[in-house]
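Lettering of chains follows the sequences in order, A, B, ..., and the numbering in each one begins at 1.
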Amino acid sequence: MDVDARKRLPLFPIGIVQRLTGLSARQIRYYEQHELVHPARSEGNQRLFSFVDVERLLEVRTLLDEGLNMAGVKARLAKRQNRRRSDSAELTDEQVYQHIRQGLLEPRTPSGVSEFQGDLFRFYRKH
DNA sequence: GTTCTCACA
DNA sequence: TGTGAGAA
């Protein structure tokens with residue numbers, strides 16, 4: 001299984017994603033309604049997010065912080081999709097696991113937000 | 001204990 | 001966007 005496939009595995013329930021992104025469950029569900037993310041569903045109809053979903057939510061938050069509205073976010077997210085086709089990073093399994101483990105074990109900042117936030121973002125961006 | 005959907009003094 | 005109800 002390659003890195004790309006692993007990034008799409010439905011793994012996290014909304015509570016985890018909440019802490020990973022700093023977004024409220026309400027916002028996360030709201031963004032799903034607007035098709036900004038497409039989490040899979042468990043047998044019990046529970047949302048399961050992949051790394052790709054988490055990454056997108058972090059980007060959504062960034063764009064929203066920049067003052068964009070839902071429409072603006074959708075537009076820029078759509079453009080990013082095409083422009084990003086060629087520069088996806090190639091990482092070894094070890095790099096992936098090590099990075100994730102470190103991020104999850106990092107202590108929270110005084111603001112209560114996990115450092116994993118920025119790390120995950122940069123991680124998939126370029127490296 | 002968590003998450004889901006739906007509705008709103 | 002938040003909050004609470006009722007169910008799973």
Side-chain angles (χ1 to χ4, degrees):
Chain A
M1 192 182 289
D2 58 44
V3 177
D4 206 64
R6 219 190 326 280
K7 280 164 58 178
R8 297 173 199 290
L9 290 176
L11 302 171
F12 324 108
I14 199 166
I16 301 298
V17 178
Q18 232 180 117
R19 289 185 287 187
L20 244 31
T21 63
L23 295 168
S24 67
R26 185 74 183 78
Q27 288 176 298
I28 296 171
R29 296 184 183 117
Y30 181 68
Y31 301 152
E32 182 193 10
Q33 285 191 306
H34 285 263
E35 299 185 272
L36 264 33
V37 288
H38 308 91
R41 293 288 182 148
S42 69
E43 294 180 6
N45 195 37
Q46 311 258 109
R47 269 168 271 252
L48 290 178
F49 300 79
S50 66
F51 283 108
V52 173
D53 295 321
V54 174
E55 172 196 1
R56 281 186 75 90
L57 286 172
L58 288 173
E59 292 186 76
V60 170
R61 206 190 68 154
T62 298
L63 296 178
L64 252 28
D65 286 343
E66 291 175 9
L68 281 70
N69 53 32
M70 281 296 103
V73 174
K74 284 184 187 178
R76 285 188 48 171
L77 235 37
K79 290 180 183 177
R80 187 190 60 73
Q81 280 282 317
N82 308 320
R83 168 159 44 74
R84 205 244 276 257
R85 201 118 289 169
S86 59
D87 60 68
S88 50
E90 330 76 14
L91 301 169
T92 66
D93 292 5
E94 274 195 296
Q95 284 178 299
V96 174
Y97 288 134
Q98 187 174 50
H99 195 93
I100 293 172
R101 177 156 37 75
Q102 289 183 344
L104 291 175
L105 292 178
E106 270 180 31
R108 297 289 128 86
T109 63
S111 63
V113 179
S114 171
E115 294 292 353
F116 191 54
Q117 207 170 96
D119 280 16
L120 185 62
F121 196 37
R122 272 181 263 117
F123 171 45
Y124 286 128
R125 269 225 135 139
K126 188 64 181 181
H127 236 184

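- Here the side chains of A/E32 and A/P39 are in contact, with some heavy-atom distance below 4.5 Å.
- Counting heavy atoms from C-beta on, the side chains of A/F49 and A/I14 come closer than 4.5 Å.
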**Message:** Reading 5' to 3' and counting Watson-Crick or G-U wobble pairs with both distances under 3.5 Å, write the dot-bracket notation for DNA chain B, | for bases paired outside the strand.
**Reply:** .|||||||.
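- The side-chain heavy atoms of A/R26 and A/Q18, taken from C-beta on, include no pair separated by under 4.5 Å.
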Give each protein N/O atom lying under 3.5 Å from an N/O atom of nucleotides 1-8 of chain C, with the pair distance.
unit_1 : atom_1 : unit_2 : atom_2 : d
C/dT1  : OP2    : A/Q27  : NE2    : 2.4
C/dT1  : OP2    : A/Y31  : OH     : 2.7
C/dG2  : OP2    : A/S24  : OG     : 2.9
C/dG2  : N7     : A/R26  : NE     : 3.1

**Request:** With salt bridge (charged side-chain N to carboxylate O under 4.0 Å, His left out) as the test, would you mind laying out the steps for A/R6 and A/D2 before giving the verdict?
**Result:** CA-CA 6 Å; A/R6 219 190 326 280; A/D2 58 44; over 6 Å; no
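- Within the nucleic acid shown, A/R29 comes within 4.0 Å of at least one base atom, counting heavy atoms only.
- Using a 4.5 Å heavy-atom cutoff, the side chains of A/E59 and A/R76 are not in contact.
- Taking the side chain as every heavy atom from C-beta outward, A/R61 and A/L64 never approach each other to under 4.5 Å.
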**Message:** Set out, in order, the CA-CA distance, both residues' side-chain angles and the distance that settles side-chain contact (heavy atoms from CB on, under 4.5 Å) for A/Y31 and A/L23, then state yes or no.
**Reply:** CA-CA 10 Å; A/Y31 301 152; A/L23 295 168; 4.0 Å; yes
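- For DNA chain B, the span of nucleotides reached by chain A at under 4.0 Å from its heavy atoms goes, 5' to 3', from B/dT3 to B/dT5.
- Between A/F12 and the choices A/L48, A/D53, A/V54, the side-chain contact (heavy atoms from CB on, under 4.5 Å) rule is met once, by A/V54.
- At a cut-off of 3.5 Å, with distance as the only test, no side-chain donor of A/T62 or A/D65 sits close to an acceptor on the other residue.
- Judged by distance alone, with hydrogens and angles left aside, the side-chain atoms of A/R56 form a donor-acceptor pair with the main-chain N or O of A/L36 at under 3.5 Å.
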